[in-house]
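Notes follow the structure.
Just so it is clear: chains get the letters A, B, ... in the order the sequence lines come, proteins before strands, and each one is counted from 1.
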There are 2 protein chains.
Amino acid sequence: MSPPHSAKLNRILAALPLASYTRLLPLLEFVPMPAGHVIYEPDLPIRHLYFPTTSIVARLYETASGACTQTGIIGNEGIAGISALFGAENSLARMVVQSSGNAFRIKADLLKREFELGGELQHLLLRFAHALMIQTEQIAVSNRYHTVDQQLSYLLLMSLDRLPGNELHITHEQVGIMLGVRRESVTVAAQKLQTTGAIRCRRGHLAVVDRQQLEASAGENYAVVKKEYERLLDVYCSVAAGSSESPTKQFKRFFQSSR
Amino acid sequence: MSPPHSAKLNRILAALPLASYTRLLPLLEFVPMPAGHVIYEPDLPIRHLYFPTTSIVARLYETASGACTQTGIIGNEGIAGISALFGAENSLARMVVQSSGNAFRIKADLLKREFELGGELQHLLLRFAHALMIQTEQIAVSNRYHTVDQQLSYLLLMSLDRLPGNELHITHEQVGIMLGVRRESVTVAAQKLQTTGAIRCRRGHLAVVDRQQLEASAGENYAVVKKEYERLLDVYCSVAAGSSESPTKQFKRFFQSSR
DNA sequence: CATCCTATGTGTGCCGCCGAACAGAACGGC
DNA sequence: GCCGTTCTGTTCGGCGGCACACATAGGATG
């Protein structure tokens with residue numbers, strides 16, 4: 001396995017061909033990501049892009065009246081701030097560290113230059129952008145049709161796929177902000193999931209007990225996105241396999257075993 | 001002005017430098033787009049990409065239970081099927097012609113080859129992808145927080161920005177499908193907008209009378225997306241200006257005068 | 001150990017949308 | 001001009017989530 005501070009803990013970086021990886025490595029800066037830290041603010045320029053390794057970042061879209069919804073969640077399978085590569089001047093969303101950990105960041109213009117060379121890096125990033133788009137669409141559907149229970153299940157599953165262990169360090173209030181519902185609604189939903197035995201909560205903690213039940217309760221909601229992300233990891237693996245030895249395969253097993 | 005069958009009616013094509021435009025032109029196929037025609041079906045491969053000229057295409061995301069929401073709307077400012085360029089195997093959404101007209105289509109692999117050359121075409125397409133992403137996020141927020149009135153206003157405005165005239169040829173039922181609400185809810189919302197004098201409806205037609213009122217009723221919902229699309233058009237113009245003579249400026253004026 | 005603060009559990013009334021059922025109204029073909 | 005089809009307007013009960021109010025319970029801190 002890679003050492004805990006290795007850039008290869010991020011799957012995109014791990015999947016890069018040796019040439020671009022070595023070109024990128026000196027440009028990467030290791031940064032701790034404390035929970036709650038805001039990495040992008042609406043209407044401010046994107047200076048760095050972040051490759052999370054052990055942290056999770058949530059993309060929140062906020063209205064003028066302060067109402068808020070999560071539109072995506074990014075862990076070590078992706079990159080935060082990709083819109084900078086697409087020619088966006090400023091961030092339109094707020095991005096917050098949802099679960100503390102580490103990341104590698106890189107100056108936006110440097111990565112953009114590398115991105116415009118084309119090649120595998122571009123491939124990987126575009127493929128990831130597509131998965132992110134699917135995630136957002138799924139959330140749009142979810143916001144219309146699904147109950148709070150279902151959305152809570154989805155959030156837990158997506159988060160725990162990107163973390164070791166089966167416990168999430170988060171309060172009902174914070175979950176409410178992400179889902180765009182009241183704290184009380186989260187409490188009620190959590191209760192329901194608890195009585196069926198899917199999860200267990202303590203003050204500030206949510207632990208998954210029965211993952212199968214949780215997946216059932218999330219419904220196709222989660223299944224669609226999961227499938228898309230598995231395809232994404234397959235792409236990462238095949239790219240890596242075509243270049244150098246592939247440490248990515250191990251990651252993939254890790255990711256899948258954490259189901 | 002361009003002749004009615006010119007590929008330059010699509011703003012992306014119009015913004016291309018002469019070199020790539022002439023390279024692309026022989027690959028383009030002029031196709032009529034009758035309302036209701038389905039251009040992509042979930043889980044089927046994307047064979048062609050479509051540059052709408054006078055038509056409008058809606059991106060619909062459908063759940064297993066048949067529930068459905070629009071996640072984006074594409075007119076002559078964009079392209080349909082862009083996920084094929086991002087490495088997606090199949091379409092995940094259904095895309096339907098919302099308003100009849102014409103388009104130019106191109107085989108997916110051909111455009112992909114051109115896309116991977118980098119250059120202005122890539123720039124333009126990525127910039128558009130970003131705008132589309134914003135649109136989807138906005139809809140996600142809308143689906144959580146906004147009333148049917150607001151969403152109807154938004155839909156009308158977005159559609160009419162992409163059409164000449166001030167009238168939309170669509171039934172309440174169809175609007176309901178796009179918004180993911182019942183037909184009756186659309187009727188009620190339309191009534192409200194009608195009593196304030198913002199719109200007027202006839203059987204199968206919705207006409208905007210007072211655009212200002214409609215924008216007020218749509219709220220920031222529309223304003224955010226509109227702003228992003230105006231930025232997008234600015235990019236198109238500046239690209240075109242840097243290459244050859246720019247007929248795009250005229251389009252932009254047309255787009256803005258139709259507000 | 002007492003205290004405070006934050007997080008969680010519960011109840012009530014309200015509002016918007018849904019589901020279903022039905023009445024009228026406009027168009028389009030014959 | 002007639003008739004059937006399609007589109008639109010209206011009703012009523014029900015439910016999920018909201019706003020607000022309050023009660024309790026962990027867990028830190030002194």
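Proximity of A/Ser185 to the phosphate of D/dG16: no side-chain N or O atom is located under 4.0 Å from OP1 or OP2. For the pair A/Gln191 and C/dT8, the criterion of a side-chain N or O lying under 4.0 Å from OP1 or OP2 is not met.
By the side-chain contact (heavy atoms from CB on, under 4.5 Å) test, A/His169 is found to be paired with A/His205, residues two or more places apart in sequence or in another chain being considered. Listed by chain and residue number, B/Asn221 satisfy the side chain to side chain donor-acceptor pair (under 3.5 Å) test with B/Ser142 (two or more places apart in sequence, or in another chain). Qualifying salt bridge (charged side-chain N to carboxylate O under 4.0 Å, His left out) partners for B/Glu228, counting only residues two or more places apart in sequence or in other chains: B/Arg127, B/Arg231. Under the rule for a salt bridge (charged side-chain N to carboxylate O under 4.0 Å, His left out), B/Glu173 has no partner lying at least two apart in sequence or in another chain.
Straight-line distance from the CG atom of B/Leu152 to the C1' atom of C/dG16: 16 Å, rounded to whole Å. The distance between atom CZ of B/Arg200 and atom C1' of C/dA26, rounded to the nearest whole Å, is 15 Å.
In this structure the side chain of A/Leu214 reaches within 4.5 angstrom of the side chain of A/Leu193, judged on heavy atoms. Between A/Glu220 and B/Thr63 the shortest side-chain heavy-atom distance falls below 4.5 Å. By the 4.5 Å heavy-atom criterion applied to side chains, A/Leu92 and A/Tyr40 are not counted as neighbours. In this structure, A/Ile170 and A/Leu206 have side chains that are in contact, with non-hydrogen atoms separated by less than 4.5 Å. When side chains are defined from C-beta on, A/Val175 does not count as touching A/Thr171, because their heavy atoms never get closer than 4.5 Å. Between A/Arg59 and B/Glu137, the closest side-chain pair of non-hydrogen atoms falls below 4.5 Å. Side-chain atoms of A/Arg11 and A/Leu232, non-hydrogen and from C-beta on, never get closer than 4.5 Å to each other. Contact of the B/Glu77 side chain with the B/Asp161 side chain is not registered, since no non-hydrogen atoms from C-beta on lie closer than 4.5 Å.
If you look at B/Phe104 and B/Phe30, their ring centroids are closer than 6.0 Å.
End-to-end axis angle for the helix from C/dC1-D/dG30 to C/dC30-D/dG1, using five pairs per end and rounding to 10°, comes out at 30°.
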Could you write out each protein N or O paired with an N or O of nucleotides 12-15 of chain C at a distance under 3.5 Å?
none

What are the atom names and distances for every N/O pair under 3.5 Å that joins the protein to nucleotides 28-30 of chain D?
none

Under 3.5 Å, which N/O atoms of the protein pair with N/O atoms of nucleotides 22-27 of chain D?
{"unit_1": "D/dG26", "atom_1": "N2", "unit_2": "A/Arg203", "atom_2": "NH2", "d": "3.4"}

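Under a 4.0 Å N-O distance rule, the pair A/Arg202/A/Glu167 qualifies as a salt bridge.
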Could you walk me through whether B/Arg94 and B/Asp43 pass the salt bridge (Lys or Arg N to Asp or Glu O under 4.0 Å) check? CA-CA 9 Å; B/Arg94 179 186 308 264; B/Asp43 298 320; over 6 Å; no
Run B/Val141 and A/Glu62 through side chain to side chain contact (heavy atoms under 4.5 Å, CB included) and show every step you take. CA-CA 8 Å; B/Val141 173; A/Glu62 202 163 332; over 6 Å; no
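Within residues 170-182 of chain B, the residues having any heavy atom under 4.0 Å from DNA chain C are, by residue number, B/Gly180, B/Val181, B/Arg182. Contacts with DNA chain D (heavy atom under 4.0 Å) in residues 136-151 of chain B: none are found. Near DNA chain C, meaning a heavy atom under 4.0 Å away, there are no residues from residues 55-73 of chain A.
A donor-acceptor pair under 3.5 Å is formed between the side chain of A/Ser55 and the backbone N or O of A/Asn102.
For residues 180-194 of chain B, the set of pairs meeting the side-chain hydrogen bond (donor to acceptor under 3.5 Å, both in side chains) definition, not counting sequence neighbours, comprises B/Asp149-B/Lys192, B/His172-B/Thr187, B/Arg182-B/Ser185, B/Arg183-B/Thr187.
Considering CD1 of A/Ile73 and OH of A/Tyr154, their distance stands at 8.0 Å, rounded to 0.5 Å.
A cation-pi arrangement is found for A/Arg162 relative to A/Tyr229, the charged atom lying closer than 6.0 Å to the ring centre and inside a 45° cone about the ring normal.
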